[in-house]
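These notes are about the structure you will find just below.
Every number for a ligand or one of its atoms is a count from 1 in the order of the listing.
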Amino acid sequence: MVLEKSRTPLRLMEIERPKPGPGEVLIQVRACGVCRTDLHVVDGELEHPKLPLVPGHEIVGTVMEVGSSAKWFHVGARVGVPWLGWTCGECAFCLSDRENLCERARFTGYTLDGGYAEYVVADERFCFPIPQSSSDAEAAPLLCAGLIGYRSLMKTGNAKRVGIYGFGAAAHIITQVARYQGRMIYAFTRRGDAEGQQFAKSLGASWAGDSESLPPEPLDAAIIFAPAGELVPRALKALNKGGVVVCGGIHMSDIPSFPYESLWNERSICSVANLTRRDGKEFFLLAPRVPVKTTIQTFPLSEANEALTHLREGKIRGAAVLIP
Ligand SMILES: [Zn+2]
Ligand SMILES: [Zn+2]
């Protein structure tokens, strides 16, 4: 499925099977998750996609062909392709273990063609082996919702009481990880989303309520996955002294002003950008131990537009996954 122009539906097109470059692998896509970032790309909120573009950066597939200098994966291997598709390896960020901030980074399904397709090529150095504990479709959301969720959770340090605003794909995965680590989760959903609140509790959340409400006790940290800037001052109000608000999304509406008192006492706000390969290594070791179980809703690849619409309307429980 191809995006030809922002703010238009994806089009089903015949694409030639790509050839892998020297360090690349050709992958037959078995499943590709639908991420909120894909919505931001299609809706034109992320302004610099390659066009035409095949979206999708939560890819699980099988290696069909390896490039002349590729050496890490063999034909037939099961691999995952994440959002971070390439980094330069030489800028100040790459050289200081922060390749997620690389000046010249390329991103799968944004500046590189992604997984809303039957085949994709990827630089093998940025692919991950996928644990056998889950099916292709169940594993797909781990590639972004899982990885970015994990990086967001790590940004909370050793916070014991963690609030999560926006209980979608990332939240449903990271709640399981947080519970495994002995933390308590407070889930905030859209107002009146009783089903979503029930879903959060079924995954181990100690409390679930509307995003307008305050939790029963102050939080040590809050992670915001919903792209709504007004949640930042609300989350600050829910924090204990020294707490952090982590903004886990790539795009957010403007943050309204708030009194300094909300930030006083060493509260802080930070964002999470992209991922590093180290995050991936850590997360894919951890996920089978938890073990993380994803809740998915599958769609045939040809219904990518319908899947995006469901996500936009908040109708997906867990994660949407496309099956070619
Ligand atoms: Zn770099
Ligand atoms: Zn994503």
Side-chain angles (χ1 to χ4, degrees), residues 1 3 10 23 29 31-43 45-46 48-49 53-60 80-116 120 122-123 125-128 137 139-153 166-174 223-227 246-252 271-280 283-284 287 292 294 296-297 304 307-308 310-312 316 318-322:
M1 298 290 281
L3 178 70
L10 303 180
V29 179
C32 184
V34 178
C35 174
R36 182 162 291 279
T37 298
D38 303 341
L39 260 188
H40 294 316
V41 171
V42 172
D43 290 347
E45 287 155 340
L46 295 182
H48 307 290
L53 170 73
V54 179
H57 56 273
E58 296 182 311
I59 305 166
V60 174
V81 185
W83 170 248
L84 188 73
W86 185 87
T87 55
C88 76
E90 40 192 47
C91 72
F93 295 104
C94 282
L95 294 175
S96 56
D97 208 16
R98 294 178 291 167
E99 65 178 354
N100 59 310
L101 303 177
C102 172
E103 300 280 11
R104 294 194 283 142
R106 293 183 200 151
F107 302 108
T108 313
Y110 185 46
T111 53
L112 297 167
D113 279 330
Y116 286 21
V120 65
D123 185 320
R125 297 170 301 162
F126 294 84
C127 299
F128 299 108
L142 301 179
L143 270 306
C144 181
L147 288 173
I148 299 289
Y150 174 72
R151 188 171 174 88
S152 303
L153 185 64
F167 209 85
H172 101 284
I173 292 171
I174 228 58
I223 304 172
I224 303 180
F225 289 122
V246 178
C247 302
I250 192 167
H251 169 82
M252 189 181 250
S271 65
V272 162
N274 317 317
L275 68 136
T276 65
R277 283 173 280 181
R278 177 196 296 247
D279 296 327
F283 178 70
F284 282 112
V292 171
T294 54
I296 55 167
Q297 192 176 335
L308 287 166
H310 276 67
L311 182 62
R312 192 184 284 111
I316 302 287
V321 178
L322 301 176

> What pairs with R312 under side-chain contact (heavy atoms from CB on, under 4.5 Å), at least two apart in sequence or on another chain?
Replying inline: L39, D43, T309

> What residues, two or more places apart in sequence or in another chain, satisfy side-chain contact (heavy atoms from CB on, under 4.5 Å) together with A170?
Replying inline: A145, F225

> How close do P82 and F128 get, heavy atom to heavy atom, and via which atoms?
Replying inline: CG-CE1, 3.5 Å

> If you look at every heavy atom in A140 and G33, which pair is closest and at what distance?
Replying inline: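 Shortest heavy-atom separation between A140 and G33 comes out as CB-N, 3.7 Å.
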
> Would you find a donor on one side and an acceptor on the other, under 3.5 Å apart, between the side chain of D113 and the backbone of V54?
Replying inline: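 It does hold such a pair.
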
>> Within this structure, what is the CD1-CD1 distance for the pair I148 and I173, rounded to the nearest 0.5 Å?
In response: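 Reported to 0.5 Å precision, the distance equals 11.5 Å.
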
>> Which of the protein's N, O or S atoms come within less than 2.8 Å of the Zn ion (ligand 2), not counting waters?
In response: C35 SG, H57 NE2, C144 SG

> Taking the six-membered ring for Trp, are the ring centroids of Y110 and W83 within less than 6.0 Å of each other?
Replying inline: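 That pair passes the under 6.0 Å test.
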
>> Between R278 and E99 (salt bridge meaning N to carboxylate O under 4.0 Å), is one present in this structure?
In response: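 Salt bridge between R278 and E99, a charged N being under 4.0 Å from a carboxylate O: no.
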
> Taking only protein atoms, how many N, O or S atoms are found under 2.8 Å from the Zn ion (ligand 1)?
Replying inline: 4

> Hey, does H57 have a side-chain heavy atom less than 4.5 Å from the side chain of T37?
Replying inline: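 T37 vs H57: side chains touch.
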
